Colleague: 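What follows is a single structure, and I will ask about it in a moment.
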Amino acid sequence: MIEVSQLVKVFPGPTPVRAVDGVSFEVHAGEVVGLLGVNGAGKTTTLRMLVTLLQPDSGTARINGHDIRSSPDQVRGSLGFLSVTTGLYERLTAREMLVSFGYLQGVDDPRGRAEALIERFDITDFADQRCGRLSTGMKQKVSIARSLVHDPPVLILDEPTVGLDVLVSQSFLQFVESARDDGRAIIYSTHMMSEVERLCDRVCIIHEGKIQGDTTVEAMMTQHGSVERAFLAAVGP
Amino acid sequence: MFRVLFLIRTELIRALRDGNTLLFIGFPVLAYPVLIWGTLQLAMYVGDSIDDQPLQIVLLEGVEPTWLEGEPLVFADGGVVDLDAGRVQAVVSSDGGEGVEVRYRSGSSPSRRALGIVEERLERHGEQRLVNEALDAGARESEVIALELEIDTGDDGAAVLMWILGLFVGPLSSITILVSTLSPAIILFVVEREQGSLETTLTSSASRATVVLTRLMACAILGAVAALANIGALGLTIADLALLLVEDASTLGAPPLTAFFATLLLVGSGSVVVSTMIMLSLSVARTFREAQPVGSALLLVLMFPAISGMLGTLGGWADRLVPIPVAHIGLLVDRAIRSELTLSDLGVALGTDLLFVVTVLALWRWVFGVDSLLSGLSRPAWISTLLGESR
């Protein structure tokens, strides 16, 4: 479903930064793969290349069979992207937001799809309120619905629980589990080890732009006792 | 196509829900009724003051007095020619032929009223005469207007009003487009970068060109609507003033329907040009705070072509502006309202607008790429350092 092959991204400048340096991994349908790394390790840059917000300098990736370099529009049509920085249109209502994204994504019946998502994510009570006036939890629900408006087979989640309270976080984790059960391929980037242990089937540890380890959570637990210890063993001094 | 139209509608909703956009579009429409009310109050006040004053018209030698007889004129003969002191409102003398000369103070309402009475009497008596400038007889040069009036036609006031309308409608419509387009452009292009909603849009399967097009068209539509509202409000204001202040204004009638369509085309096309320029300029701004000085600087630059139509009309070189985008908006809208716009002028204007937009966008795409219109231009390192930005 997701095949990443030797991705490289260098940010130019007086001292060029090799943010991503030959990253490769795969994610299959119905699988959640955690992307772990310290700040500046290259996680977000990798994900931004996968969602075609950034162009790789070399290497490529295929999402649902579409190449990120040659078919960026099709790639974006195959994935739902949710990150801490993906905002909502503050002056649109939740319903208007979902319908307009339905049109943006080329969904056949945007209004019908929006209504279905409003019901599924329990948005009905605030569907006609402007997004700018919603609470963080309400916004998160709308964001999740927005990322699923075109029913993508791939989800890319970049630190999606940052800033959420415990209840909203729990609700979000349940959504990820149900998305996995639906057969979607999911990349889950986070600093929260407990979330990795609960959600992920496999973990890719990225450090200084390179993949330092790609193994199952089960193997990590067996070898190190916890994901946190496995992570520290991989990136520690 | 329906998808694009719906997305344009969404962008319009987003822009219209911002108070700044509504203010920029609504202000002219609200301002003109206030202006007309104020003008009428002033006119009534001045009129009352004028009516209280006795008029004094001096007849010089050679003028038959019979046609000026009757109240409220006070006649004086010879010697008392003192326009400067304000005691005499007009001086009438023979020009040696069939006409007469009337000297009056252009800056004085009583003096103009005296001129009107002289003209009325002349007309009533069927006198064929010419009103020429008069610089002697005590009036200062700056206070005397030299006019050559054909009293029989009786349409001078209306013509002057149309001239005023043409003079102001040009720059006002251009400036309204500039101001009204800037606010939605900042919301749709810059504020999104700041809030992160742009990233959400860019991860959708819509092409970058579609996203740019929908935002550009939303800005252009708002600019055009504001300009049309502005032209309409200005036209109605001047028409109302004309009916109140100029006796023969009703003979002017409404502009023809073709003028409306021509105006629509010119304003719409001009809005696309202005929106394009604003969109390109805002690609250097990443925050609302950065967008404000960038937008203001662009407005100052575009102000020159916006007012050039007025200058061209006054200076007699307006025809040279027809192929210049932005500069021709007001000029040709004025001609359309007067039914003087030719198809060739309209074609040249729309053609040059289209050529300008296509060329500029193609060059931009070639040099910077379409993404830069949405994500913003990459900054040189020294600017980023200056602004204290990190990667």
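Quick caveat, the model's predicted, so the values are computed rather than measured. Numbers restart at 1 for each chain; the letters A, B, ... are given by sequence-line order, proteins then strands.
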Colleague: Tell me whether B:Ser372 contacts the main-chain N or O of B:Gly369 through its side chain, where contact means a donor paired with an acceptor under 3.5 Å.
Modeller: yes
Colleague: Any idea which of B:Thr201, B:Val191, B:Ile187, B:Thr210 has the most non-hydrogen atom pairs under 4.5 angstrom with chain A?
Modeller: B:Thr201
Colleague: Counting neighbours of CE on B:Met303 that are heavy atoms of other residues, nucleotides or ligands and sit closer than 6.0 Å, is the number greater than 12?
Modeller: yes
Colleague: Do A:Arg95 and A:Glu115 sit within salt-bridge range, that is, some charged N less than 4.0 Å from a carboxylate O?
Modeller: yes
Colleague: Is the shortest side-chain heavy-atom distance between A:Val17 and A:Val10 below 4.5 Å?
Modeller: no
Colleague: Would you please name every residue forming a ring-ring contact (aromatic ring centres under 6.0 Å, His included) with A:Phe172, sequence neighbours left out?
Modeller: A:Phe175
Colleague: Could you verify whether a donor N or O on one side chain and an acceptor N or O on the other, from A:Tyr89 and B:Thr200, lie under 3.5 Å apart?
Modeller: no
Colleague: Determine whether B:Val274 and B:Ile177 make a side-chain contact, defined as any pair of heavy atoms from C-beta on separated by less than 4.5 Å.
Modeller: yes
Colleague: Please classify the contact of B:Thr214 with chain A as side chain, backbone, both or neither, using a heavy-atom distance under 4.5 Å.
Modeller: neither
Colleague: With a strict 4.5 Å heavy-atom criterion, list every residue of residues 55-72 of chain A that contacts chain B, or say none.
Modeller: none
Colleague: Of the listed residues (B:Ser207, B:Ser204, B:Ala206), which shares the most heavy-atom pairs with chain A below a 4.5 Å separation?
Modeller: B:Ser204
Colleague: Could A:Asp158 and A:Lys43 be called an ion pair, given the rule that one side-chain N must be under 4.0 Å from one carboxylate O?
Modeller: no
Colleague: Quick one: which residues of residues 9-17 of chain B reach chain A at under 4.5 angstrom, heavy atoms only?
Modeller: B:Thr10, B:Ile13, B:Arg14, B:Arg17
Colleague: Tell me, yes or no, whether the heavy-atom count around A:Glu119 atom CD, taken from other residues, nucleotides or ligands under 6.0 Å, exceeds 12.
Modeller: no
Colleague: So does A:Arg48 pair up with B:Glu199, basic N to acidic O under 4.0 Å?
Modeller: yes
Colleague: Are any of the side-chain heavy atoms of A:Val33 and A:Cys204 separated by less than 4.5 Å?
Modeller: yes
Colleague: Would you say A:Ile187 and A:Leu155 make side-chain contact, with heavy atoms under 4.5 Å?
Modeller: no
Colleague: Non-hydrogen atoms of chain A under 4.5 Å away: do they reach the side chain of B:Leu202, the backbone, both or neither?
Modeller: both
Colleague: Side chains of A:Phe25 and A:Ile206: does their closest heavy-atom pair fall under 4.5 Å?
Modeller: no
Colleague: If you take all heavy atoms of B:Leu350 and B:Leu265, which pair is closest and at what distance?
Modeller: CD2-O, 3.7 Å
Colleague: Please answer whether the main-chain N or O of A:Ala185 pairs with a side-chain N or O of A:Arg180 as donor and acceptor at a distance below 3.5 Å.
Modeller: no
Colleague: Would you please go through residues 102-110 of chain A and name the residues with a non-hydrogen atom below 4.5 Å from one of chain B, in numerical order?
Modeller: A:Tyr103, A:Leu104, A:Gln105, A:Gly106
